[in-house]
Structure formats: C-alpha cells, structure tokens
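Reminder, nothing fancy here: chain letters follow the sequence lines and each chain counts from 1.
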Amino acid sequence: MLFDDPDIKETIASVLVPVAVPGAYTYKVPPGQSVVPGTIVKVPLGSREVIGAVWDIEPDAAINPNKLKYISRVYDTTPPLDKDLRRFVDWVANWTLGAPGMVLRMVLRSEEALEPEAPVPGVRRIEGAEPERSTAARSRVLATMEDGFAWTRSGLAHAAGVSASVIDGLLHHNVLEAVLLPAAPPPPKPQLDYARKTLTPAQEAAVAGLVKCFDTATGSVSLIDGVTGSGKTEVYFEAIAEALRRDRQALVLLPEISLTEQFLRRFEQRFGVYPAEWHSEITVKNRTRVWRGVASGDVRVVIGARSALFLPFRELGLIIVDEEHDAAFKQDDRVPYSARDMAVVRGHLSKFPVVLASATPSVESRVNADLGRYELFELPERASGADLPELDAIDMRVEGPERGRWLAPRLVHALKDTFAAGGQSLLFLNRRGYAPLTLCRTCGHRFQCAHCSAWLVEHRFQKKLVCHHCGHFEKVPDKCPSCQGVDTLVACGPGVERIAEEVSDLFPQARTLVLSSDLPGGPERLKREMKIVEEGGADIVIGTQLVAKGHNFPKLKLVGVIDADLGLAHGDPRAAEKTFQLLAQVTGRAGRVHGGGIGLLQTYCAEHPVIRALLSGDKAAFYKAEIDARRSAGLPPFGRLAAVIVSGPDKTFAEGYARALARAAPADQAVTLLGPAEAALAMVRGRYRFRLLAMAPRQFDLQSYLRHWLACGPKPSRGLRVQVDIDPQHFL
DNA sequence: AGCACGCCGACT
DNA sequence: GTCGGCGTGCTC
C-alpha cells in the first residue's frame, strides 16, 4: 500500500483547533487527500472531533511522529480561508493575548455551512394524473401548478391558499410526485441606482472623500462626525455603492441587534434588496446561508453585530462602523476584543477603507482624526434642513421643584405647552425602578444588597427591591427589618416609575408611557410600545437609556433630562465622555424630522464642561476639556490606553508581552504594567481605564479588594486573563 | 458505597 | 473549550 512505502513521507499539516492552546497542532494528511493553508478540516482532539483550519503545511519537527493523528475530514467544497483572514486571526489573537484557535472559532461559527448545500425537497405534477375526487382546495393547487414548474411543499400550499395536508393528499394519490429542487438560488444583488437620494453639499463632500479612499493602496480610516439626523446613513450607502461598483463586498457593523431592522429597511429603499443580516439571534438556516454566501461572494453586503467582523468574506472592500463610540462593540467574554478597533485592523491588513461614524465620536477617534491619522468628515447640519434642538439647562439649586417633586416648574411648563400644541415629549432618566434608595425614617436603616454593597432599588410595579448590580431581589417588607417599625420606609430620589407617577398626577389627560427594560411584558411589549411612540400614540414618554437610540420619533418636540448629572460623579474615567454621548443622543432626537425641538437639562452643576458643551453645541470644546481633564488627572491623555492587568499562573508570558508593548509604545501612550494587587487598587480608585475580565482564583489579595466586583461581575476562572485597552493604531 | 462538585492537566 | 481523572465531602 502507498502509505506503507518507507520512501514516501507522509504529509503533515499544522491545524488550528478551536481550543485555548497556544498554537496549532500537527496532524497527518490522509493519503490521497490534499490541503492548503486555510483548508477547513475536522480533526480528532482528545476524545472528540473538532472543526479547525490548516494554518501551515510546514512539517513541525518537534512533535513525536508516533503521536500524530490523521485529519478525519477535509471540507473541500468550502473555499479555504484566505491569507488576509488568517493574518487577521493571528493578529487578533496576538493583540488579545488569546489563543489563535479561539479567534478562529469566531470565524467558524456555522458548522452547517461547511456541508455541501442540501437540495430542497419539492413536488411536481405527474403529467396527466388527475385526483380521483376533486375538491376546491385540490383544484386550486392544480391551477396554481398550471405552469408545470416544481414547487416547495410549503410554498405551494401558501400560493394556493391551502394547508400542507392537501399537498400531502395529492402526493399520496400519485397526482404529485416528490422531487429534489436545486438549492436556493443566490440572493439578488443590490441595484446601485435603484433609488439614489439627492444629497446635501456636506453629504456629497463626505461621499466624494470616501470614494477617494478606495484608491489609497494602503487602506485608510475615516471618521464621519455628523449630528443626529445629518444623514450619515445616506453617506454610507454611497460608500457601499462604490465598494460594490469595484466588485467588493461591504460590511456594516452596528452596536446592537435592535438597530438592524430599520437599517435593513432603509437599505432596501436605497438598493431595492435586503442585505444579509448577521448577529447572534439569526436562525441556523440564515446563518448557514449568510456564511456560505459571504464565502462564495454571492452575498455582497452584510449588516451585522460585532461578530460579523469574523465572517470569511471572499472580497471584502469596506467596513462601516456605525455609532463607533458605542461600548457594545467591546466583547468581554471569551476573546475580549473591540470590534471597532479590530475593524480598523482588518481594513489595514487587507488594504481597504474603514469608516467610523458617530454623532458623538469617542475621544480616541476624535484624537486620531485631529492628529491626521483618520480622515475627518463633518456633517454639522440636519439633512432635512430642520434646526437642531435648542438646549437649555435648568439649575436645580435655583429653580428646582418643591420637596417631593422631581420636575422643575420650567420643565412642567414646557411639557404643558408641548402637550397643548399636540407635540410629543420625552422625559429621560437613566434610572430604572421607582426610587434608587429606600430607608427607614425612624432608625435610618438603608436597604442594601446581600451580595454586593449596592443600594436596593425599589420597583413599585413589581413590589420588589432589586439590586441593579447583580440581579438579587427581595420583596418589599411591610416593616423595617431593623427597628420593626411599620410604615416607616421612605423612597429617596426618583426613578422612571416615580417620574411617571408625577406626570400622571400633573397631566391626567395625557397619554403617558414608560419605556424601561425591566417592565413586565418583555421585549415584545417594548417593541410594540416603541412603535406606539413612533406613530405618535403617546404624549409623554418616560424612558431610560433604551430610548436614546434606534427608533425615530417624528412627533417628538421636547426632551427633558431629569438628572443630567447622573453618571458624571462615578469613578469611571470615561464618565464625562459617556454622559456627553448619551445626552447628546437623547436630546438630539427632539425635532429631528420637523425641527423646532427643545431640550431641557435639569442639573445641579450647570458649569460642568459636559453640560456647557451640550448647551453651546460646541463639541470641540467638550473634546478639548475632556483631553485636558484626563491629562491633569494623570490618565493617558488620548483616551487610548491604559493598563495591562496581569494575573493567573502563566504570568511570565503575559508580563513579557506587556513589557514589549510598553517598550514599543510611543511617548504619548502611558502604558503601565500593573500587578494584580496594584491593578485592584488602581481600579478601586478609578485611576485607570480598564476593565477586569476575570482572574485566577488563587489571587487572594485581588479577591479581597474586589469582592464586590466579583460578586457582581464575571465568574473567576482559571488560567491567564489579560485585558489590554489600547488603541491598536500605533501597532499597525 | 455512591455520587455531585470543583480543581486541574491534557488535548497534536 | 471540553473531557476525564481525582480528591473532598455529603447523602441514600
């Protein structure tokens, strides 16, 4: 036999397996089979079989040849992963200090897609055959089939307006026969000139600039900074059209699944077809279809969540990251990566343009634009010509409401006027529940979470006290657990439920609606209510941060922010930035379509740079203040870096890596290497911008510092975890 | 004794 | 990431 011949050396290949091991494993290639780098294979690993990809066909001499196993299957109908994608996987693994196999796992997320496409079962008329007994339903089916073509069972039932059992009956009586239809045809291609909109001069300029980026042989990054309603989407569409014109695929990354739906619709209006959709909640069938289509090139445009960045595009030529400042682009579990940053990397490796867009860019992107690393396109006006909302602060120390009320008189007046004029108002308060703190007026007892030190938030609708940190909840007791006093508990401070109470008190005739993620009815009800608001079926809406993005509210005239300072006081070094982004987003919704919007911010510190920048509309002032503030706080000035936490048994490797990073970093990147205990302290003091993912269970010091953190956050797990939060721009 | 659970190393 | 081995501690 061929492979017994000692003269013929067996071919071996290194294969990346989807497990957390540092590198590729070596396998023997079965005789008669051939693989190339990128070929997807199935290999035995321990007691199971896993999907992996050939990473290298160089023999690795270090492994005992007797230990080598055979590749058990070669997926030769699936195109091998191309060089750029393999480099990208390695790059991300290297950046996140993760195992390359774990990154590859994100690419191979649809095992079904590797099987050759199965033909679809269908039915066809047997020529000349007539049913013994004809019924109305049967005749409708036969009439529908007049053209002689084969149909799918459910498609035919639907078209003829009968149930599938009628078809089964006809099959049984040999009037129809079962046939196999060729698999679904590729999806229709977007039509470049289907409905091109007239663009404003600013939009045209941005489009022209982006089109030029396609000629940059090295790839480039652009930042579109456009106010809410400035028509960023129309600009993306023209960039996408350019990519398609150049026979390249395009990818649009959105931070949240809930935003995809309206994006899909708008894409359809522009290009006449729906783009492919990719996120964790699509069905297995669609997932398979999109994965295959992207790899074959049949799918030209994908709209997706961060995981879409790892799809095996055949000829990707553009990535657009919408709402680039959004923290949802960061993945915290498994491989911790920032999809926005890794999109920049993927574009760099494959030399195509990447577009970051936001009405409130992150500080690091703004700095990159200021330094000329990114092209900057500004869209300062609304595309509809509507004015930006007029914003004003209500200083609660001067014109606050009476005790026990939360809406300042001026805001109440504005609500009254807006309601009288038939406009819609939104009261924004980023605090779920009725009241953030409950205490006993007799003994001062405060309700605290048993698992962490956070206050318990009263939820009056649900009659519960809930910890918003870890999810713990208990029933609202009828007497104080400390002094046994009856009816002594008082709610302190407002939550959306309490604001709603005040609103129905003040405006009993108005249609009010609370939008908060924790209300009974779940996501479906929320979706319905969003729609009601969209259609103008509510006069006063009280909402938490989920009203900040997504749906467009055309009738919205007034936005009142209840506690504009909320979030500014926290230790989070990004607090100012996050607050600015959130408030700019939510107030930007007022008068978005028809203009004439008003925003009122209730605040206790009207001089805060965030509030001042919001009121003046001078974004540049905000960014300047923020960069200065970080500098004087000893934080890395450009919002890019921060710290590398090293913990776990394999410290040597991570420390070596961290030192190399520190050495390679330019002078403006204060890379700091912290041991676990220092890291814990630094985090408690809010000195560094990093997140803790997990840590080795044996790090006692760290655990005692962070008991609270651990009680609420991710479970400790063994092994090495390192979080690097550094802009990769310098390392490209 | 029997097994549930957590820890840990191995996986080519 | 997943499996299997092993020790600990608790229950039918």
For A:F447, the ring pair (Phe, Tyr, Trp, His ring centres under 6.0 Å) test, sequence neighbours excluded, returns A:H445

In whole angstroms, how far is the [atom2] atom of [N] from the [atom1] atom of [X]?
| X | N | atom1 | atom2 | result |
| --- | --- | --- | --- | --- |
| A:I71 | B:dC11 | CD1 | P | 19 Å |
| A:M102 | B:dC11 | CE | C1' | 14 Å |
| A:R105 | B:dC11 | CZ | C1' | 15 Å |
| A:Y70 | B:dT12 | OH | C1' | 14 Å |
| A:L108 | C:dG1 | CG | P | 15 Å |
| A:Y25 | C:dT2 | OH | P | 15 Å |

So, OP1 or OP2 of B:dT12: does either fall under 4.0 Å of a side-chain N or O from A:K69? yes

Applied to residues 313-329 of chain A, the side-chain hydrogen bond (donor to acceptor under 3.5 Å, both in side chains) test, sequence neighbours excluded, yields A:Y236-A:D322, A:R300-A:E315, A:E324-A:R340, A:E324-A:S362, A:E324-A:S365, A:H325-A:S358, A:H325-A:Q585, A:D326-A:K549

Quick note, side-chain hydrogen bond (donor to acceptor under 3.5 Å, both in side chains) partners involving residues 44-54 of chain A, not counting sequence neighbours, are A:E49-A:S72

Under 4.0 Å between a Lys/Arg side-chain N and an Asp/Glu carboxylate O for A:E261 and A:K527? yes

Taken in chain and number order and not counting sequence neighbours, the residues that satisfy salt bridge (charged side-chain N to carboxylate O under 4.0 Å, His left out) with A:R86 are none

Could you give the side-chain donor-acceptor pairs of residues 30-44 of chain A under 3.5 Å, partners two or more places apart or in another chain?
{"from": "A:T39", "atom 1": "OG1", "to": "A:V36", "atom 2": "N", "distance (Å)": "2.9"}
{"from": "A:T39", "atom 1": "OG1", "to": "A:V36", "atom 2": "O", "distance (Å)": "2.8"}

What residues 44-54 of chain A contributes to the DNA chain C interface at heavy-atom separation below 4.0 Å is A:S47, A:R48

